[in-house]
Chemist: 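Have a look at this one before I ask anything.
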Amino acid sequence: MASMKLIAIFHLLFINILSIQVAKCYNDKLFREYIGAEDNSVKFFDVPVNSKVDFHFILSFAIDYTNSSHPSPTNGDFRVYWDTENLSPFQVSAIKSRRSNVKVAMSLGGDTTNDKYVYFEPKSINSWLRNAIPSLTKIIQEYNLDGIDIDYEHFRKDLDPNTFAECIGRLLFHLKSQKIITFASIAPFEDESVQTHYLALWRKYGHLIDFVNFQFYAYDKGTSISEFLQYFDTQRYNYKGGKLLVSLGTDTSGGLSVKDGFFEACSILRHQGELNGIFIWSADDSKKDKFRLETKSQAFLANQV
């Protein structure tokens with residue numbers, strides 16, 4: 001009888017601890033921003049940071065391609081491609097020490113390098129991991145990074161989606177289990193090939209992915225509020241159980257614009273308890289407009305507008 005009571009007590013303790021951990025992880029005041037991809041000298045301290053939100057800078061990008069005029073894949077041997085002059089390890093430390101609500105991650109992959117598509121091209125799962133784990137660990141430790149984001153956007157037709165799932169999933173497992181990173185995200189968008197690969201990853205390793213930075217700005221320009229909410233519901237179903245973030249592009253991207261009701265749509269999602277945060281692509285593009293949408297997005301999340 002006593003042993004049964006002990007088991008019941010331990011079970012309740014476990015459930016309570018789990019509930020506390022889930023509650024700690026959840027935060028609808030999360031703002032994330034990609035930075036450094038376009039070499040226009042944008043710095044961390046250029047970007048306004050609201051103290052009432054959790055702010056993630058995402059360095060763009062680390063790529064497993066050679067740094068050359070004719071880049072070629074390196075089978076998981078990653079190199080830094082962001083603006084290292086203005087976004088150095090020293091500057092990462094400076095922004096994190098002066099802004100206690102800031103964390104810094106790096107994104108892997110991206111769209112292009114030297115105007116050529118960046119493909120996910122492993123020779124094999126094991127050989128890719130043998131290169132990826134040490135090369136990424138070195139960058140993470142050198143820059144004192146907190147997490148990584150997966151933003152591969154191009155896949156060869158003969159690549160099995162399971163290969164992508166195993167490479168990325170095992171990578172995330174290692175980095176998290178060894179406490180090299182504290183969070184991970186993925187950045188898919190609505191494209192058949194892209195979704196096939198990311199959903200294969202999600203189905204098997206979704207428990208290792210903290211945020212889904214879905215590129216809603218990749219939808220057509222002129223998207224309406226009702227269309228946006230429908231797209232959100234579709235992706236919430238696809239990435240069931242994930243923290244799906246809404247997004248804005250400050251370049252020439254499409255999707256639901258601010259003038260067409262982006263923040264009205266965010267208000268609807270917040271009322272429904274579905275707003276997990278906002279991310280913007282990118283600080284580089286926002287610089288010319290003095291980061292107007294970064295300021296407004298953070299104020300919205302902090303309930304200051």
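Remember, predicted model here, so these are calculated numbers, not experimental data.
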Chemist: Would Y34 and N213 count as a side chain to side chain donor-acceptor pair (under 3.5 Å) if you check the C-alpha gap in whole Å, the side-chain angles of each, and the deciding distance to 0.1 Å?
Modeler: CA-CA 11 Å; Y34 290 86; N213 285 9; 3.0 Å; yes
Chemist: Do H56 and F183 have ring centroids that are under 6.0 Å from one another?
Modeler: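 Yes, they do, as the ring centres are separated by less than 6.0 Å.
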Chemist: Taking the six-membered ring for Trp, are Y219 and Y217 ring centroids under 6.0 Å apart?
Modeler: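 No, ring centres 6.0 Å or more apart.
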Chemist: By the salt bridge (Lys or Arg N to Asp or Glu O under 4.0 Å) test, which pairs, at least two apart or in different chains, include something from residues 176-203?
Modeler: K176-D210
Chemist: Is NZ or CZ of R98 both nearer than 6.0 Å to the six-membered ring centre of F45 and within 45° of the ring axis?
Modeler: yes
Chemist: Compute whether any side-chain donor of one residue and acceptor of the other, for Q230 and Q235, lie under 3.5 angstrom apart.
Modeler: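 Q230 vs Q235: no donor-acceptor pair found between side chains.
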Chemist: Have a look at Y143 and tell me which of W82, F90, F44 forms a ring-ring contact (aromatic ring centres under 6.0 Å, His included) with it.
Modeler: W82
Chemist: Could you go through F55 and F31, starting from their C-alpha distance and side-chain angles, then the distance that decides it, and tell me whether this counts as ring pair (Phe, Tyr, Trp, His ring centres under 6.0 Å)?
Modeler: CA-CA 5 Å; F55 195 115; F31 180 79; 5.2 Å; yes
Chemist: Using atom types as modelled and distance alone, determine if a side-chain donor or acceptor of N276 lies under 3.5 Å from a backbone N or O of L245.
Modeler: no
Chemist: By the definition side chain to side chain donor-acceptor pair (under 3.5 Å), identify the one residue from D64, T163, T74 that meets it with W128.
Modeler: D64
Chemist: Assess the residue pair S297 and E294 against the criterion (side chain to side chain donor-acceptor pair (under 3.5 Å)); give the C-alpha distance rounded to whole Å, side-chain angles, the decisive distance to 0.1 Å, and a yes or no.
Modeler: CA-CA 5 Å; S297 295; E294 282 79 358; over 6 Å; no
Chemist: Sorted by first residue and then second, give each salt bridge (Lys or Arg N to Asp or Glu O under 4.0 Å) pair with at least one member in residues 107-123; sequence neighbours left out.
Modeler: E121-R156
Chemist: Rounded to the nearest 0.5 Å, how far apart are CG of D54 and CG of L30?
Modeler: 6.0 Å
Chemist: For residues 245-275, pull every pair meeting ring-ring contact (aromatic ring centres under 6.0 Å, His included), keeping only residues two or more places apart or in separate chains.
Modeler: F263-F300
Chemist: So how far is it from I125 CD1 to L171 CG, rounded to the nearest 0.5 Å?
Modeler: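 Rounded to the nearest 0.5 Å, the CD1-CG separation comes to 12.5 Å.
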Chemist: With sequence neighbours left out, which residue pairs that include part of residues 74-96 fulfil the salt bridge (Lys or Arg N to Asp or Glu O under 4.0 Å) condition?
Modeler: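 Those involving residues 74-96 are D77-R79, K96-D146.
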Chemist: Does a side chain donor of either S247 or R32 reach within less than 3.5 Å of an acceptor in the other side chain?
Modeler: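 There is no such pair between these side chains.
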Chemist: Among residues two or more places apart or on two chains, list those pairs meeting salt bridge (Lys or Arg N to Asp or Glu O under 4.0 Å) that have a residue in residues 277-289.
Modeler: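 Non-adjacent pairs meeting salt bridge (Lys or Arg N to Asp or Glu O under 4.0 Å): D289-R292.
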Chemist: With K240, which residues qualify under salt bridge (Lys or Arg N to Asp or Glu O under 4.0 Å), at least two apart?
Modeler: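 Per chain and number, K240 pairs via salt bridge (Lys or Arg N to Asp or Glu O under 4.0 Å) with no residue.
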Chemist: Between E264 and S267, is any side-chain donor less than 3.5 angstrom from a side-chain acceptor?
Modeler: no
Chemist: Verify ring pair (Phe, Tyr, Trp, His ring centres under 6.0 Å) between Y205 and F173, making sure each step is shown before the conclusion.
Modeler: CA-CA 9 Å; Y205 292 100; F173 177 80; 8.1 Å; no
Chemist: Side chains of Q304 and Q298 only: does a donor on one sit below 3.5 Å from an acceptor on the other?
Modeler: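 No donor-acceptor contact under 3.5 Å links the two side chains.
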Chemist: Report yes or no: do S124 and S127 form a side-chain donor-acceptor pair below 3.5 Å?
Modeler: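 S124 vs S127: donor-acceptor pair found between side chains.
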